A.B. asks: 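Sending over a structure as structure tokens; questions will come in a sec.
All values derive from a computational prediction rather than experimental measurement. Chain identifiers are assigned alphabetically (A, B, ...) following the order of the sequence lines, protein sequences preceding nucleic acid strands; residue numbering begins at 1 within each chain.
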Amino acid sequence: MGQTGWSPAWRQPEPKLEYDVIIIGGGGHGLATAYYLAKLHGITNVALLEKGWIGGGNSGRNTTIVRSNYFVEGNTAFYEHSLKLWESLSHDLNYNVMFSQRGHLNLFFTPGQRDAMMRRYNIMRLNGIDGEFLDREQVQKMVPHLNYSEQSRLPILGGFVQARAGTARHDAVNWGYARAASALGVDIIQNCEVTGFIKKAGRIIGVETSQGEIRAEKIGMAVAGSTSVLAAQAGLGPLPIESHKLQAFVSEPIKPFLDTVVVYGAGHGHFYISQSDKGGMVFGGDLDGYNSYAQRGNLPIYTDVASCAMNVMPALGRIKLLRQWAGIMDMSMDGSPFITKTNLSGLYLNAGWCYGGFKAIPGSGWCFAHTIAHDQPHEINSLLTLDRYAQGRQIDESGHGPFPKSH
Amino acid sequence: MLRLNCPFCGLRDHHEFAYLEDASAQMPSFEDTSEKAWFEAVFLRKNPRGVHVEHWHHIHGCRMILRVERDTQTHVISKVEAAHPSFRKKLSDIDAETKITRKARPKK
């Protein structure tokens, strides 16, 4: 048997000495950027450099939720654009990314939460983003097996649904973008770590890598989690980012149990869950809460997430955990990302994705490719800049202020 | 499980502590009205992969704020001490006194 009769989905070329554009980081964001540069801007002489294997970082370590229920200017248009790209992504890439618009149910438990969610809902509707507001009975009809006890500490009052939201197959997204980008001429170079930057007259003109020097006029960095480390090598200085770890969990596979995404945030409880196509319950909660570059989680969050699960879904009590992992998040100072030019000529930055990078992959690649190709942002990502803090216009969706661990 | 050796309470589990912030970020004095200084203190972080100096609050213990040196890659904790210099001084004074008393005590 063995793996015979297959041809690789993307080419495995040796790096050339020079390209038009280099993208650092072979996660979803980098792959999508390379794809849209070739597809929409005709820039096909592109190298994508990945330290390990493509899709081996956060793109392969998330809970695969896709949504656009944002309400702050700067986020609204961006995430809605991304969701629209998701809706046609399988056709566009000719690769089934298994995008399933199974809906996203955000529960609320208190009148205060209800009012805040109603405000979000109204703003979304004004921005042309879909949403539905459900009372307790409607939530019960939609997901009958939540905890509807009147005796629970915080009984469910209702929910807020985005029907077009859902989940996708994370590996398929990476592989689909990689195959499509490679077919358009992009060189995907794996096991190629960037170890330094080559500068000339204040401009970045290339990178030093574990496979030798590679030069390019334009270099885009999409290495969320390690942004600060690489930015320091480039001489970009301290950034408004801290690296934190976020854990996720998958249970043993079970029969169909949940056909939507269920989410809640109440005080210090934070929980999101869906069921994968293999049957595993995929769920997660808060950050571990302290700066870390270690891709492994810590025990207190196990307890927190398990108790959050039992609070809304007591039927999960006897399910066994199959695996658990942690990824490193670029937590920005306002919880929103950066797709921007930098003050170093020739260097472009895609970073700060906090919890929310997976859903943003198509939109992020699309906007980053535009920013690199035209040397200026598209209107959709024009607010996602590094200088927004100095200008006093944070994009703070949760209202937590400049405390990265709180977003 | 992280374990912090609180100088006031001894070795305790992570559960008892709350992470506060990067201790290397120093706010300017209130007399300093430079926008740049405040912007850098409030918004910019070195975010090292390696030894990180940070404040933890022993919220379910002595409620003291501690200054911790921890490696963000390995999670090895190399130093835990009181955050406030006056407490560090007091603790070292007590330590010194205790040692003197111990030495002064005649051996049986």
A.B. asks: Which one, W56(B), F43(B), W38(B), leads in non-hydrogen pairs under 4.5 Å with chain A?
C.D. replies: F43(B)
A.B. asks: Which one of S226(A), S228(A), S243(A) satisfies the side-chain contact (heavy atoms from CB on, under 4.5 Å) criterion with R49(B)?
C.D. replies: S226(A)
A.B. asks: So, using side-chain hydrogen bond (donor to acceptor under 3.5 Å, both in side chains) as the criterion, who are the partners of R296(A) when residues are at least two apart?
C.D. replies: none
A.B. asks: CD of E73(A): more than 12 outside heavy atoms within 6.0 angstrom?
C.D. replies: no
A.B. asks: For Q394(A), is it the side chain, the backbone, both or neither that has a heavy atom under 4.5 Å from a heavy atom of chain B?
C.D. replies: side chain
A.B. asks: Mind listing the closest non-hydrogen atom pair of N298(A) and H14(B) along with its distance?
C.D. replies: ND2-ND1, 3.6 Å
A.B. asks: Name the option with the most non-hydrogen atom pairs under 4.5 Å to chain B; the candidates are A232(A), A231(A), P240(A).
C.D. replies: P240(A)
A.B. asks: Could you tell me which residues satisfy ring pair (Phe, Tyr, Trp, His ring centres under 6.0 Å) with F338(A), sequence neighbours excluded, listed by chain and number?
C.D. replies: none
A.B. asks: If you look at every heavy atom in R45(B) and I241(A), which pair is closest and at what distance?
C.D. replies: CB-O, 3.8 Å
A.B. asks: Give me the contact list for residues 69-82 of chain B versus chain A, heavy atoms only, anything under 4.5 Å, ordered by residue number.
C.D. replies: R70(B), T72(B), Q73(B), T74(B), H75(B)
A.B. asks: Please tell me whether Y19(B) and N291(A) have a donor and an acceptor in their side chains that are separated by less than 3.5 angstrom.
C.D. replies: yes
A.B. asks: Does any backbone or side-chain atom of L20(B) lie under 4.5 Å from a heavy atom of chain A? Answer side chain, backbone, both or neither.
C.D. replies: backbone
A.B. asks: Between G392(A), G297(A), A390(A), who has the most heavy-atom pairs with chain B when the cutoff is under 4.5 Å?
C.D. replies: A390(A)
A.B. asks: If the condition is ring pair (Phe, Tyr, Trp, His ring centres under 6.0 Å), which residues does H57(B) pass it with, not counting sequence neighbours?
C.D. replies: none
A.B. asks: Got more than 12 heavy atoms from elsewhere within 6.0 Å of NZ, K46(B)?
C.D. replies: no
A.B. asks: Among P402(A), G401(A), S332(A), who wins on heavy-atom pairs under 4.5 Å with chain B?
C.D. replies: P402(A)
A.B. asks: Looking at Y290(A) versus H55(B), is the centre-to-centre ring distance below 6.0 Å?
C.D. replies: no
A.B. asks: Find out whether L239(A) and L44(B) are in side-chain contact, i.e. whether some heavy atom of one side chain is under 4.5 Å from a heavy atom of the other.
C.D. replies: no
A.B. asks: How about CD on Q391(A), more than 12 heavy atoms from neighbouring residues, nucleotides or ligands closer than 6.0 Å, or not?
C.D. replies: yes
A.B. asks: Is it the case that over 12 heavy atoms from other parts of the model lie below 6.0 angstrom from the CZ atom of F87(B)?
C.D. replies: no
